[in-house]
Student: 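Here it is: the structure, laid out below.
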Protein chains: 2
Amino acid sequence: MATAEQDRNISSSFAKGLAVLAVFDAETPSMTLAEIARRSGQDRATARRGALTLVQAGYLRQDGRMLSLTPRVLALAGGFLQANQFGRRVQPVLNRHARQLEIEVTLAMLDQGRVLLLAQSTVEHGHITYGFTAGSRIPLAHTSLGRMLLAGLPEAEAAKVLAATEIPRHTGQSLAEPEAILERVAKAREQGYCVTDSEFEAGITGYAVPVSRPGRTPIVAGCSAPRGSQPEADAERLLRGLQLCAAELRQAEAVDHL
Amino acid sequence: MATAEQDRNISSSFAKGLAVLAVFDAETPSMTLAEIARRSGQDRATARRGALTLVQAGYLRQDGRMLSLTPRVLALAGGFLQANQFGRRVQPVLNRHARQLEIEVTLAMLDQGRVLLLAQSTVEHGHITYGFTAGSRIPLAHTSLGRMLLAGLPEAEAAKVLAATEIPRHTGQSLAEPEAILERVAKAREQGYCVTDSEFEAGITGYAVPVSRPGRTPIVAGCSAPRGSQPEADAERLLRGLQLCAAELRQAEAVDHL
DNA sequence: CTACAATGTTCGCTTTGCGAACGCTGTCAA
DNA sequence: TTGACAGCGTTCGCAAAGCGAACATTGTAG
């Protein structure tokens with residue numbers, strides 16, 4: 001029999017079902033069965049069973065032929081957040097620094113070739129809101145968070161991760177060549193911080209610093225703001241604030257075992 | 001064969017796997033296989049396959065014999081939060097009112113006999129932090145949020161939900177009798193708000209008001225604070241603030257299709 | 001050191017769920 | 001109007017996936 005070697009310890013039906021759950025993201029909040037099947041690379045019948053099971057378990061809702069996530073998925077994340085004491089150890093620190101800097105501060109890590117936002121402060125101030133929350137995923141190549149995360153990996157691995165990522169063009173200033181991006185990553189690694197300008201959103205500058213200790217799974221903190229009249233002064237002030245925030249998180253051992 | 005009727009549209013392996021994922025909550029952040037099996041009511045072998053599949057998919061991490069959630073579960077919640085524009089429509093409103101009231105404001109709904117926190121303001125105030133975040137689940141019977149949620153259900157259904165819930169005793173002042181609790185729920189329904197004192201945490205008073213329109217899935221907003229020197233004045237101020245917050249969320253249609 | 005209890009892992013037998021095939025619904029051209 | 005077609009949701013026979021009793025392994029008490 002030339003059937004592909006199959007691990008008896010893994011439940012393939014379960015894995016396929018999880019893939020169905022995972023296709024729901026920001027771009028496609030509600031989908032038909034056929035769309036789910038296409039996105040998850042499964043047969044329509046398989047996707048259907050997975051989706052119906054999720055409906056029965058209460059994680060999906062069915063409106064006519066459209067399927068969408070229910071709030072119950074939050075409970076899954078809640079388990080993680082409470083287990084790691086995010087509410088006590090992480091969020092208050094982010095909030096305090098955000099208030100002081102008058103800017104939103106975000107904590108992030110790598111996940112499957114994207115930047116996964118772990119937590120975010122929300123300072124109430126007249127500034128723009130990007131609509132991202134904990135659990136949002138943003139591109140790797142053209143954000144300061146993403147490049148700082150890559151800088152936390154060994155050079156070879158960073159290159160590999162980047163190579164496995166598509167590099168879309170968000171703005172006219174987005175770097176297109178992997179080599180150019182890796183150069184910025186190397187620079188970030190040397191400097192211990194990363195600044196990106198207008199590569200993801202035009203006119204917006206992003207700042208990021210490492211939080212995790214070297215060698216560990218990279219975790220970074222960052223923020224972003226419209227480019228002001230004194231770019232250098234802004235950068236210095238914000239990076240200094242982020243460094244303080246990162247140091248405090250490190251000292252509290254808030255992110256050591258992620 | 002007298003086997004129980006089995007729906008061919010539902011994947012039982014997938015459902016069992018989901019149950020494994022769902023047992024990870026705040027009280028038990030990391031568990032052994034046997035513990036997972038016990039909690040999910042499954043055979044150890046079945047729980048093992050589910051857990052190993054989750055490890056392979058990156059949702060669980062295995063440290064020796066302990067299993068715990070990885071940050072990837074946040075991405076699942078992120079899909080929901082982004083789809084419903086929580087970052088843009090809900091969070092800023094909560095933050096603004098929280099800042100004004102100088103207290104944390106929480107948005108919540110019912111989920112399986114518990115109160116599921118949907119969002120929480122992240123304001124830097126001098127006060128205590130309870131460590132709850134979006135996705136946290138708290139008891140139904142002895143919190144103002146829970147009682148206000150029950151008040152949003154038809155009376156018969158509220159009684160049914162409460163009957164299906166265990167009523168632990170958190171403090172000496174926790175009401176023990178379902179009838180007494182339902183009385184408070186009825187009062188909350190009449191008044192349009194709910195205040196609870198010292199029934200969940202001693203010395204802490206909780207406040208809640210409805211957000212969803214009558215008849216819809218109940219959604220409520222609430223806050224909690226140590227009992228001050230002027231309970232009536234505090235209550236009036238906070239409830240007024242919560243009502244404004246709720247009205248704003250209603251007008252923005254931020255929570256209509258949950 | 002032995003007995004015991006509790007946990008993790010294997011493998012034969014049964015059940016589940018895969019996917020080709022089907023029917024249904026909307027769309028376009030003749 | 002009618003026919004051909006494309007895309008969708010749903011069914012069912014058969015292969016393979018996974019259930020759980022049994023076994024192996026680890027931890028604990030006497």
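Remember, predicted model here, so these are calculated numbers, not experimental data. Just so we're on the same page: letters track the sequence lines, and every chain starts at 1.
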Student: Assign each of A:Phe14 and A:Arg65 to its nearest nucleotide of DNA chain D by heavy atoms, then name whichever residue's nucleotide is nearer the 5' end.
Tutor: A:Arg65

Student: Just compare C:dT7, D:dT11, D:dC8 and give me whichever is closest to any side-chain atom of B:Asn9.
Tutor: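 Nearest listed nucleotide: D:dT11.
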
Student: Do the side chain of A:Thr32 and the main chain of A:Arg65 share a donor and acceptor less than 3.5 angstrom apart?
Tutor: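 No.
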
Student: Spell out yes or no: do the side chain of A:Arg44 and the base of D:dG9 have one donor N/O and one acceptor N/O closer than 3.5 Å?
Tutor: yes

Student: If you compare every side-chain N and O of B:Ser13 against the phosphate oxygens of C:dT16 (OP1, OP2), does one of them come in below 4.0 Å?
Tutor: no

Student: Quick one: B:Gln62 CD to C:dT7 P, roughly how many Å, whole number?
Tutor: 16 Å

Student: Could you check how far CD of A:Gln42 sits from P of D:dG9, rounded to whole Å?
Tutor: 14 Å

Student: Remember a base hit wins even if backbone is also touched, and classify B:Ala45 as base, sugar-phosphate or nothing at under 4.0 Å, heavy atoms.
Tutor: base

Student: What is the distance, rounded to the nearest whole Å, between atom CG of A:Leu33 and atom P of D:dT10?
Tutor: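 A:Leu33 atom CG is separated from D:dT10 atom P by 7 Å.
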
Student: Would you please confirm or rule out a distance under 4.0 Å between OP1 or OP2 of C:dT7 and any side-chain N or O of B:Thr32?
Tutor: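 Checking B:Thr32 against C:dT7: no side-chain N or O falls below 4.0 Å of OP1 or OP2.
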
Student: What integer distance in Å separates A:Asp7:CG from D:dA17:P?
Tutor: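 It is 11 Å, rounded to the nearest whole Å.
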
Student: Are B:Phe200 and B:His170 an aromatic pair by the rule of ring centers under 6.0 Å?
Tutor: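 Under 6.0 Å, so yes.
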
Student: Could you tell me the separation between the CE atom of A:Met31 and the C1' atom of D:dG9, rounded to a whole number of Å?
Tutor: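 Spelled out: CE on A:Met31 to C1' on D:dG9 is 16 Å.
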
Student: In whole Å, what is the span from the CG atom of B:Asp43 to the C1' atom of C:dT9?
Tutor: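 For the pair B:Asp43 CG and C:dT9 C1', the rounded distance is 12 Å.
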
Student: Rounded to the nearest angstrom, tell me the gap between atom NZ in A:Lys16 and atom C1' in C:dG19.
Tutor: 10 Å

Student: Counting side-chain heavy atoms from CB outward, which of C:dT7, C:dC18, D:dC8 is closest to A:Thr46?
Tutor: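 Minimum distance to the A:Thr46 side chain belongs to C:dC18.
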
Student: Please determine whether a side-chain nitrogen or oxygen atom of B:Ser12 lies at a distance below 4.0 Å from atom OP1 or OP2 of C:dG17.
Tutor: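 Looking at the OP1 and OP2 atoms of C:dG17, one of them is under 4.0 Å from a side-chain N or O of B:Ser12.
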
Student: Between B:Arg147 and B:Glu199, does at least one N-O distance fall below 4.0 Å, as a salt bridge requires?
Tutor: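 A salt bridge is present here (some side-chain N lies under 4.0 Å from a carboxylate O).
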
Student: Using atom CZ of B:Arg48 as one end and atom C1' of C:dA6 as the other, report the distance to the nearest whole Å.
Tutor: 16 Å

Student: Side-chain contact, heavy-atom cut-off 4.5 Å: A:Tyr59 with B:Leu76?
Tutor: no

Student: With a 4.0 Å limit, can you tell me whether B:Arg49 has a side-chain N or O closer than that to the phosphate oxygens OP1/OP2 of C:dT9?
Tutor: no

Student: Would you confirm whether the ring centroid of A:Phe80 sits within less than 6.0 angstrom of the ring centroid of A:Phe86?
Tutor: yes

